[in-house]
Amino acid sequence: MTYDTIVRGGRIVTTSDVVTADIGISGGRIAAIGVDLGEAAEIVDASGLIVMPGGVDSHVHISQPSGPGIEMADDFASASAAAACGGNTTVIPFCLPEQGQSLREAVAAYRAKAEGVCRVDYGIHLIVKDTDPTTLGQDLPALLEAGHTSFKVFMTYEGLALSDREILDVMSVARAHRAMVMVHAENEDAISFLRDNAEREGHTGPFHHATTRPVPVEREAVHRAITLAEIAEVPLTIVHVSNGEALDEIRRARRRGARVFAETCPQYLTLTAEDLDRTEFEGAKYVCSPPPRTVAEQVACWGGIERGDFELYSSDHCPFRFADTAGKDAPGARKSFRNIPNGIPGVETRLPILFSEGVVKGRISLQRFAALTATNHARLYGLAPRKGSIAVDADADLTLWDPTLQRTIRQVDLHHGADYTPWEGFEVTGWPVATFLRGQLVARDGELAGAAPRGAFLARECPETVM
Ligand code: URP
Ligand code: ZN
Ligand code: ZN
């Protein structure tokens with residue numbers, strides 16, 4: 001048998017092992033894994049490199065409506081270019097309806113935005129902000145059956161936050177269709193109380209975004225979200241967990257049998273609230289929710305990564321330009337943190353940060369890295385076994401890593417639409433030197449490769465909920 005491509009002699013990270021072997025690729029799929037597979041039209045020399053499953057970033061925001069006059073810094077073209085250069089082959093962004101738009105109309109318009117410009121494969125999560133009979137009785141069921149098998153509900157943000165009753169109603173639709181519910185767990189009433197107090201006392205700078213969203217705000221909401229999911233009898237993913245107390249709630253719930261999954265992000269492992277206290281409004285660059293916390297909470301989150309408490313490590317890429325009144329410098333943002341758009345860019349830097357801080361520093365194995373960055377995302381969001389692992393018959397989505405390459409993260413080298421990176425000057429060891437999407441090279445040495453965008457929409461199956 002001859003193959004279209006052989007990736008030769010790399011250290012391949014499968015879900016169970018690390019083996020030095022060849023990967024034979026035919027028709028965009030992995031046809032064989034073995035020693036000395038022979039010849040192919042194209043040979044990729046991977047000796048000295050680690051071959052990982054292409055990254056699956058299941059938490060990114062692209063071209064999402066962000067309020068009057070505010071614009072997200074990435075469309076599908078720029079976000080997916082950044083994703084590919086950062087070693088990813090699949091992203092799952094969120095579809096949020098515009099004011100007055102139905103969920104079905106929003107998904108059709110969102111898919112049109114991605115068509116023909118996306119450089120990596122993509123699924124779409126739904127955001128459920130309306131709970132009227134048409135949304136819950138018709139649109140949501142139809143969209144879930146059409147392969148958008150996960151959705152996010154919010155417990156915070158004016159205009160997005162749902163009441164407990166509304167969350168239960170939405171969860172019961174998830175139960176009927178075996179969909180995955182993702183929750184943004186922060187208590188909106190508590191935040192609003194703390195924010196009003198802070199403003200009254202003149203505490204209005206970016207740092208007070210963090211002081212008005214303290215750990216208990218998240219801990220309480222995590223507990224409540226899990227409780228609601230237990231009542232509705234659905235599995236639940238808690239996204240962007242930022243601290244040890246929230247994680248303790250998750251661990252406690254698992255001990256009593258709740259099916260709850262947990263995600264954390266690079267910002268909770270490497271940044272702190274002190275970053276929001278930078279002068280000259282620079283703190284706004286770090287405003288995201290939940291906020292980065294303390295070094296002690298970083299340590300708690302690293303403990304969760306090491307012990308396997310987190311299934312998912314995602315970027316929560318949510319880019320706004322800094323020097324832009326349609327971004328972080330929105331009208332009123334310098335008068336009060338409440339007007340600073342929430343979110344930070346990170347899709348291109350997610351993988352190098354975990355490789356360097358996790359694998360190279362000896363905190364996690366290569367297999368755990370693959371699980372946290374690709375395999376578990378594919379399993380929990382209905383893309384396995386096609387995506388997320390190096391196995392015969394899976395898509396040939398591969399990222400080749402040079403584990404010794406030392407790089408300093410710099411905005412000038414990145415491909416996202418934001419005008420800054422929160423990790424400017426951050427030094428990493430290990431870098432994704434080539435990314436293959438379904439057997440085709442899409443990025444090499446931090447730059448795009450291949451002419452036309454080839455990313456395709458992925459209709460997803462129901463989630464696996466036994467990990
Ligand atoms: O601040 C953040 N995380 N913005 C993105 C939206 C979200 O809540 O995930
Ligand atoms: Zn969120
Ligand atoms: Zn998010």
Side-chain angles (χ1 to χ4, degrees), residues 1-57 83-90 119-121 348-356 358-360 364-375 378 385-407 428-450 454:
M1 157 126 197
T2 56
Y3 304 96
D4 300 338
T5 306
I6 291 177
V7 177
R8 176 153 286 162
R11 285 178 69 207
I12 302 167
V13 183
T14 71
T15 44
S16 56
D17 299 297
V18 181
V19 291
T20 299
D22 296 351
I23 299 174
I25 299 170
S26 290
R29 295 202 160 196
I30 297 174
I33 302 171
V35 178
D36 293 335
L37 285 184
E39 288 313 310
E42 191 193 0
I43 302 288
V44 176
D45 180 9
S47 51
L49 302 179
I50 294 169
V51 188
M52 287 278 188
V56 179
D57 195 342
C85 292
N88 301 281
T89 47
T90 300
R119 290 182 179 272
V120 296
D121 286 351
E348 195 166 353
T349 47
R350 169 184 81 121
L351 296 177
I353 289 171
L354 187 66
F355 192 93
S356 185
V359 176
V360 175
I364 56 170
S365 66
L366 288 166
Q367 292 98 315
R368 174 69 58 79
F369 178 88
L372 281 164
T373 59
T375 321
R386 183 178 162 194
K387 299 289 188 189
S389 52
I390 299 180
V392 171
D393 226 25
D395 279 0
D397 293 348
L398 307 172
T399 302
L400 273 48
W401 286 78
D402 181 339
T404 61
L405 201 58
Q406 296 187 324
R407 293 280 296 266
V428 293
T429 301
W431 198 258
V433 292
T435 310
F436 293 86
L437 173 66
R438 287 179 271 113
Q440 302 281 322
L441 186 70
V442 290
R444 175 180 284 288
D445 296 330
E447 290 304 333
L448 290 172
R454 300 178 57 254

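Using modelled atom types, no side-chain atom of T20 and backbone atom of G9 make a donor-acceptor pair closer than 3.5 Å. A donor-acceptor contact shorter than 3.5 Å is absent between the side chain of D395 and the backbone of D397. The main-chain N or O of L437 is found under 3.5 Å from a side-chain atom of R454 such that the two form a donor-acceptor pair.
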TODO: Could you go through the side-chain contact (heavy atoms from CB on, under 4.5 Å) check for I23 and V44 one step at a time?
DONE: CA-CA 10 Å; I23 299 174; V44 176; over 6 Å; no

TODO: Take I6 and I43 through the test side-chain contact (heavy atoms from CB on, under 4.5 Å) and record every step on the way to the result.
DONE: CA-CA 5 Å; I6 291 177; I43 302 288; 3.9 Å; yes

- [ ] Let me see the working for I50 and F355 under side-chain contact (heavy atoms from CB on, under 4.5 Å), right down to the final yes or no.
- [x] CA-CA 11 Å; I50 294 169; F355 192 93; 4.0 Å; yes

Task: Candidate pair L354 and I364, rule side-chain contact (heavy atoms from CB on, under 4.5 Å), full reasoning - done: CA-CA 9 Å; L354 187 66; I364 56 170; 4.0 Å; yes

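Once rounded to the nearest 0.5 Å, the distance linking CG of D45 with CG of L400 reads 9.5 Å.
Closest of all the heavy-atom pairs between A374 and G55 is CB-CA, 4.4 Å. For the residue pair A32 and V392, the shortest heavy atom distance occurs at CA-CG2, 4.1 Å. What you find for G430 and P352 is that their closest heavy atoms are O-CB, 4.4 Å. Counting all heavy atoms, side chain and backbone alike, T375 lies closest to S389 at CG2-CB, 4.2 Å. Here the closest heavy-atom approach between residue I33 and residue A21 is recorded as CG2-CB, 4.4 Å. In terms of heavy atoms, S26 sits closest to T2 at OG-O, 4.1 Å.
At a threshold of 4.5 Å between non-hydrogen side-chain atoms, the residues P403 and T429 do not count as touching. Looking only at side-chain heavy atoms (C-beta outward), D402 and W431 stay at 4.5 Å or farther from each other. By the 4.5 Å heavy-atom criterion applied to side chains, I390 and V13 are not counted as neighbours. For the pair D393 and R29, the minimum side-chain heavy-atom distance is below 4.5 Å. The shortest side-chain heavy-atom distance between V56 and N88 does not fall under the 4.5 Å cut-off. Using a 4.5 Å heavy-atom threshold, the side chains of L351 and M52 count as separate. Put simply, the side chain of L398 reaches to within 4.5 Å of the side chain of I30, judged on heavy atoms.
By the side chain to side chain contact (heavy atoms under 4.5 Å, CB included) test, T435 is found to be paired with T89, T399, V442, A443, residues two or more places apart in sequence or in another chain being considered.
Screening residues 436-449 for side chain to side chain donor-acceptor pair (under 3.5 Å) gives D121-R438, H415-E447 as the qualifying pairs, with residues at least two apart or on separate chains.
Screening I25, D22, L49 against V7 for a side-chain contact (heavy atoms from CB on, under 4.5 Å) leaves a single residue, I25.
Ring geometry for W401 against F369 counts as perpendicular: the plane angle is over 60°, on a 0 to 90° scale with 30° as the lower cut.
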